[in-house]
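Here is the structure we will look at, set down as structure tokens.
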Amino acid sequence: MAEIRPEQIDAFRYRIPRDRSLGMRTDVVVYASAALMEQIQKDQSLTQAVNVATLPGIVGPSLAMPDIHQGYGFPIGGVAATDLDYGVVSPGGVGFDINCGVRLVRSTLPETEVRPRLKDLINQTFRDVPCGTGTEGRVGVKASQIDDVLRQGARWMVENGFGDERDAEFAEAGGALESALPNKVSARAKERGTPQLGTLGSGNHFLEVQYVEQVHDVPGAAAMQIEEGQVVILIHSGSRGLGHQVCTDYVALMNQVMPKYNITLPDRQLACAPVRSDEGRSYLGAMAAAANFAWANRQAIMHFLRGAFRRIFGESARLELIYDVCHNIAKRETYDVDGRTREVLVHRKGATRAFPPGDPEIPASYRSIGQPVFIPGSMGTASWVLAGQARAKQETFGSVCHGAGRLLSRTAVRKGKNAREEQRKLEENGILVRSESKDGILEELPEAYKNVDEVIEVVHNAGLAKKVARLRPMGVIKG
Amino acid sequence: MKFELLEHPADIGFRARGRSLEGLFANCAYALVSIILDPCAIQVAAEIAVEATGSDYESLLVNFLNEVLYYVDGKGIALGRFDVGRLDPAHVRCIAGGEPRNPEMHPPRVVVKAVTYHQLKVARDETGWVAEVYVDV
């Protein structure tokens, strides 16, 4: 394959021009600083962004966020919009963990009050929110109820005693996509996922107790009701085995049917079908159902977390949902493209929706500041609260990054390291970590990730989202 | 050693070998289980038939391993022995032996979400067959 040479557009943008010899139908645009671009070029993520540019019916450029790293088929940190009439939908463009996402919860407690009892809180939460690696969740949904969960998402949890009335309102899409088709989710996907409802998962999933270290935008922080020193909790999880199986099922199906639609692609993991085809519509219905399962899952986790807080700090300790965003999804959205208004299918693979102030999709209390966006860094550094800005809607199909982006492989980061020793070092920095396995700690050490502050500088300065607050971790639960 | 781990920026891969394709598929299945949990203490208390179809050896291997993953992650069975019957590019059938997962006996390592086509390789080498497979974790 020809060497890929990104051309710098400005301090935060690069372009890989369309190369027909590679089958590209459009350009690739990468959001990165010079330093991040150097790191990005060390793996195959740009080749994958070029492969995405070959998808039939792609609209606008294939986009790469500053946290981009090598994934499967699509790069992680990739965004691609496709035409609804002659474009395709690719399950790989959403990923195996459908609606993997984060929700940020604010407490009524300051850091000074939580830190003396942090160990008790982490231990209690570790008991109440299982990671699910070999254990079942505590929701206890029956097989006969699972289709209702898949239709109603977070709302099902609230109506069945796992949450407060206002919770569902403060999630992207209200915590449920109406387009869900539970009958397009296989029996084995339901069987695999049902016992895992209310569990975190492993890998990069976590529950983190944090405090607001610094407010960067006062009106934004005021709208989200957070202030410096306040304890917040970030929950990162997805659709567990149900979503994984939905993606597996449909990648297999689409690999079978691509010849029927005369689609050939440089990577089988990009397997796709026309949006309008039976297979495309079935996948989108199943994907929406899996997305709803993920919202229900994060809602259940927050409910159990509330119980843990009450147990440690008493009945007056309240937790309120700030917002919940997904970062693995495909959604129908409307944009101005080349001077005309078009409805497209936006694939976000490791990218977060970031709608600007005034957008009707945003809850009324945030409409003046832009959609809340949460960017986890690593368990030893920081996470960020951002608010979506106008340029995201104009340039990136309303999207920004989703994390710091992985730098080192799992095997590379753990070389020569001892889990207990690393745990002790984190503790010296005021960060208490509990994990179901020592691999969970070693493979997610801070040095495995890019500098989250550098990633945030790019999206802030490019005008995609603005900084609202920086969060520091205190206690971490890993799978 | 039945397999070796391969690096991936975000996830995990493995390279496995076999004198025959059947042996290769069995070793790949064992490698997959070893990423999910510690397989040292798995007892064969029950046997199940694991079947998959494909259009070539690559898709057959991905579909077969995703089937194994379904039993381990979805059915909660720790599989430790794989007897793969004669296979062709369209079909594989394997009798897999194991027991219900128990975190005490089979300490969990990481949740594998799926087996992927990313940089997938199934090829002949000087000793028989080799495969490289990457999984999403």
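A note on names: the letters A, B, ... follow the listed sequences, proteins ahead of strands, and every chain is numbered from 1.
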Between B:K113, B:H106, B:E58, who has the most heavy-atom pairs with chain A when the cutoff is under 4.5 Å? B:K113

Are B:E7 and A:R410 close enough that some pair of their side-chain heavy atoms sits under 4.5 Å apart? no

For B:V115, which atoms come within 4.5 Å of any heavy atom of chain A: side chain, backbone, both, or neither? backbone

Applying side-chain contact (heavy atoms from CB on, under 4.5 Å), run through B:Y70 and A:T248 and close with a yes or a no. CA-CA 10 Å; B:Y70 162 70; A:T248 297; over 6 Å; no

Chain A contact via B:D73 - side chain, backbone, both or neither, heavy atoms under 4.5 Å: both

Among A:Q44, A:H69, A:E443, A:Q256, residue most engaged with chain B (heavy-atom pairs, under 4.5 Å): A:Q44

Ranking B:I36, B:L6, B:L69, B:V72 by heavy-atom pairs under 4.5 Å to chain A gives rank one to B:L69

Quick one: closest heavy-atom pair of B:V111 and A:S202, and the distance? N-OG, 2.7 Å

Starting from the C-alpha separation in whole Å, work towards a yes-or-no answer on ring pair (Phe, Tyr, Trp, His ring centres under 6.0 Å) for B:H8 and A:Y72. CA-CA 10 Å; B:H8 179 281; A:Y72 302 118; 5.1 Å; yes

Select one option (side chain, backbone, both, neither) describing which atoms of A:V413 are under 4.5 Å from chain B's heavy atoms. neither

How about A:L270 and B:Y117: do any of their side-chain heavy atoms sit closer than 4.5 Å? no

Working to the nearest 0.5 angstrom, can you tell me the gap between B:K75 NZ and A:R188 CZ? 8.5 Å

Do you know which two heavy atoms are closest between B:V112 and A:R192, and how far apart they sit? O-NH2, 3.6 Å

Which pairs of donor and acceptor atoms, one on a side chain in residues 127-137 of chain B, lie under 3.5 Å apart (sequence neighbours left out)?
from, atom 1, to, atom 2, distance (Å)
B:T127, OG1, B:D125, OD1, 3.2
B:E132, OE2, B:R15, NE, 2.9
B:E132, OE2, B:R15, NH2, 3.2

Please rank B:G76, B:S59, B:A78, B:P107 by heavy-atom pairs under 4.5 Å with chain A and give me the top one. B:S59

With rounding to the nearest 0.5 angstrom, report the CG to CG distance, A:D249 to B:N66. 9.0 Å

So which residue, A:R268, A:R406, A:H205, A:Q48, ends up with the most heavy-atom pairs under 4.5 Å with chain B? A:R268

Could you tell me which of A:Q269, A:K42, A:Q245 has the largest number of non-hydrogen atom pairs under 4.5 Å with chain B? A:Q269

Less than 4.5 Å to any heavy atom of chain A: does that hold for the side chain of B:S55, its backbone, both, or neither? side chain

